[in-house]
**Q** 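Handing you this structure, nothing more for now.
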Amino acid sequence: MKDKGLSRRRFFLIAGWVGLLSSIASSAAGAVKYMFPNVLYEPPKAFKLGQPVGFPKNSVTLVPEKRIFIVNEKDGIPGLRIVSAICTHMGCTPKWVEANNRWECPCHGSVFDIKGNVIAGPAPKPLPWYKVTIGSDGRLFVDTNDVVKYDNSLKV
Ligand code: FES
């Protein structure tokens with residue numbers, strides 16, 4: 001006599017395939033989701049700072065939370081300029097040493113002149129300078145994606 005419905009063997013065969021394929025699909029979905037994290041830990045590359053008047057002439061000011069220096073009217077270049085405070089060797093924060101008119105990295109001894117050029121130590125590249133503009137609210141706007149020459153300044 002011929003069986004009319006689903007045989008027991010066929011039922012378990014289909015159930016096995018469904019289980020196997022759903023397991024593979026959920027693993028693949030998990031792997032794809034892993035590639036796109038829910039939280040981005042990288043700080044924004046473009047940001048606002050305070051009003052230009054907050055940075056006196058003939059000064060170099062560290063903004064530690066943004067890891068930049070604001071250079072105002074140093075080395076005979078008028079206007080505000082922004083330079084990275086991330087050493088190009090291994091990422092420490094160089095210190096501005098006013099007496100020597102240069103940045104000195106405490107980690108491995110790299111030294112950068114007022115233009116950001118490496119003058120000593122293991123740093124492979126100069127400190128990059130970033131474009132700075134004034135926003136509509138009068139605050140400084142820095143875009144660290146936009147690297148400029150060291151003498152590119154914002155006249156205020
Ligand atoms: S991190 Fe600055 S010299 Fe190594």
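Each ligand, and each atom within it, is numbered from 1 in the order the structure gives.
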**Q** Counting only heavy atoms closer than 4.0 Å, does ligand 1 sit against the backbone of C92, its side chain, both, or neither?
**A** both
**Q** Side-chain contact test, heavy atoms from C-beta onward, threshold under 4.5 Å: evaluate it for L80 versus V71 and give yes or no.
**A** no
**Q** Counting from 1, what ligand 1 atoms have a heavy atom of C105 closer than 4.0 Å?
**A**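 Close to C105: 1 (S), 2 (Fe), 3 (S).
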**Q** Please say whether more than 12 non-hydrogen atoms of neighbouring residues, nucleotides or ligands are located less than 6.0 Å from NZ in K48.
**A**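 More than 12 heavy atoms, drawn from other residues, nucleotides or ligands, come within 6.0 Å of this atom.
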**Q** Heavy-atom count check: over 12 atoms from other residues, nucleotides or ligands less than 6.0 Å from K33 NZ?
**A** no
**Q** Provide the number and element of each atom of ligand 1 under 4.0 Å from a heavy atom of C87.
**A**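 So the answer, numbered in order with elements, is 1 (S), 2 (Fe), 3 (S).
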**Q** Carefully, step by step, assess F141 and F47 under the rule side-chain contact (heavy atoms from CB on, under 4.5 Å).
**A** CA-CA 6 Å; F141 179 76; F47 48 84; over 6 Å; no
**Q** Have a look at H108 and say which of its N, O or S atoms is nearest atom 4 (Fe) of ligand 1.
**A** ND1
**Q** Tell me, which protein residue and heavy-atom name are nearest atom 3 (S) of ligand 1, and how many Å apart are they?
**A**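 Protein heavy atom with the smallest distance to atom 3 (S) of ligand 1: S110 OG, 3.1 Å.
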**Q** Can an N, O or S atom be found in C107 less than 2.8 Å away from atom 2 (Fe) of ligand 1?
**A** no
**Q** Suppose we only allow N, O or S atoms; which atom of H89 ends up nearest to atom 4 (Fe) of ligand 1?
**A**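 Relative to atom 4 (Fe) of ligand 1, the closest nitrogen, oxygen or sulfur of H89 carries the name ND1.
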**Q** Taking the six-membered ring of W96, is the NZ or CZ of R102 close enough (under 6.0 Å from the centre) and on axis enough (within 45°)?
**A** no
**Q** Take a 6.0 Å sphere around CZ of R139 and say whether it holds more than 12 heavy atoms from other residues, nucleotides or ligands.
**A**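 Count over threshold, so yes.
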**Q** Give me the nearest non-hydrogen protein atom to atom 1 (S) of ligand 1 as residue plus atom name, then the distance to 0.1 Å.
**A**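 Among all protein heavy atoms, the one nearest atom 1 (S) of ligand 1 is M90 N, 3.3 Å.
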